[in-house]
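Below: one structure, written as structure tokens.
Excluded from the calculations below are hydrogen atoms, water molecules and symmetry mates; all remaining heavy atoms, backbone and side chain alike, are included. We count ligands from 1, going down the list as the structure has it; atoms in each ligand are counted the same way.
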Amino acid sequence: MEKIAVYPGTFDPVTYGHIHILKRAAKLFDKVIMAVAADNYKKTIFTAEERIGLIEACGLQGLNNVELDIFNGLLCDYLEKKGAVAIIRGLRAISDFEYEMQMGSLNRHLNNKVETVFLMADSEYSFISSSIIKNVAVLGGNIEQFVPDKVAEALREKKENRIFS
Ligand code: PNS
């Protein structure tokens, strides 16, 4: 039976850290669905469609077992619908642990067939988050080393159009 995993997140925007986790997950599962959360409680600067477009621009062409999707509602319901057995999450630091533990436990209580698989972020990416990148971008810092060119460009555009400040 095909083992499907879902790599969910807000991805507002996607970073090299996310792409690294995705590529590693794609080696472990038959199929990985990178799923952009459309309606979670976080205020985003990119629409779900824009976030998907930015992920598509990340050079994932060689990853034949990766799909991109947008999901609404509960993550565990989405996994059920997709016939997925695992949730992939990246762990950067101890500070991530509390939130991830809560989310992983909650998801297993909501659906006990679902396991969360944590991949430790590579040290090169352990300090990168979408929020910190947005913060550097808005202050005019160099973000090219942390995100693909298209993402850096999109962040500059949002800043110029005062979509975020
Ligand atoms: O990248 P993020 O913001 O840490 O991702 C969080 C996300 C989207 C995975 C989480 O908020 C989520 O699963 N949202 C969907 C709604 C849901 O299932 N909530 C209950 C589990 S937190």
Side-chain angles (χ1 to χ4, degrees), residues 3-26 28-29 31-58 60 63 66-122 124-138 143 146-148 150-152 154-155 158 163-164:
K3 290 253 186 249
I4 303 174
V6 171
Y7 178 32
T10 307
F11 305 118
D12 184 54
V14 66
T15 68
Y16 282 140
H18 296 134
I19 299 299
H20 196 244
I21 295 285
L22 175 70
K23 287 182 174 170
R24 288 163 57 200
L28 299 175
F29 289 90
K31 181 158 105 184
V32 178
I33 306 171
M34 188 169 186
V36 169
D39 65 354
N40 72 351
Y41 56 90
K42 286 186 183 171
K43 192 173 175 297
T44 61
I45 61 166
F46 294 102
T47 65
E49 289 74 18
E50 284 173 329
R51 284 176 270 153
I52 286 279
L54 292 175
I55 298 167
E56 276 166 351
C58 285
L60 305 175
L63 295 175
V66 167
E67 276 179 17
L68 303 182
D69 196 12
I70 295 173
F71 78 101
N72 287 288
L74 278 178
L75 178 59
C76 61
D77 291 344
Y78 177 75
L79 265 92
E80 191 89 46
K81 195 174 91 187
K82 292 287 170 181
V85 293
I87 297 166
I88 304 289
R89 294 288 289 173
L91 267 186
R92 288 164 304 193
I94 298 273
S95 51
D96 283 341
F97 185 79
E98 209 173 327
Y99 170 57
E100 293 299 337
M101 171 93 182
Q102 185 185 27
M103 210 161 61
S105 306
L106 172 71
N107 281 324
R108 205 146 55 84
H109 274 81
L110 291 174
N111 180 346
N112 65 8
K113 285 180 269 164
V114 164
E115 291 290 351
T116 303
V117 174
F118 295 104
L119 297 182
M120 278 190 295
D122 194 88
E124 201 180 333
Y125 305 114
S126 61
F127 58 94
I128 303 178
S129 68
S130 300
S131 318
I132 214 162
I133 297 303
K134 284 184 278 195
N135 194 243
V136 175
V138 85
I143 49 167
F146 309 125
V147 293
K150 284 268 186 232
V151 176
L155 280 168
K158 291 279 182 192
I163 306 292
F164 78 119

Chi angles and distances behind the salt bridge (Lys or Arg N to Asp or Glu O under 4.0 Å) call for K82, E67: CA-CA 12 Å; K82 292 287 170 181; E67 276 179 17; 5.1 Å; no
Residues in the immediate environment of ligand 1 (any heavy atom closer than 4.0 angstrom): P8, G9, T10, A37, N40, K42, F71, G73, L74, L75, R89, Y99, M103, L106, N107
Parallel, tilted or perpendicular: ring planes of Y125 versus H20, cut at 30 and 60 degrees: tilted
Donor-acceptor under 3.5 Å (S130 side chain, P13 main chain): yes
Trace of the salt bridge (Lys or Arg N to Asp or Glu O under 4.0 Å) decision for R24 with D122: CA-CA 11 Å; R24 288 163 57 200; D122 194 88; 5.6 Å; no
Other residues, nucleotides, ligands: >12 heavy atoms within 6.0 Å of F97 CZ: no
I132 atom CD1: more than 12 heavy-atom contacts under 6.0 Å: no
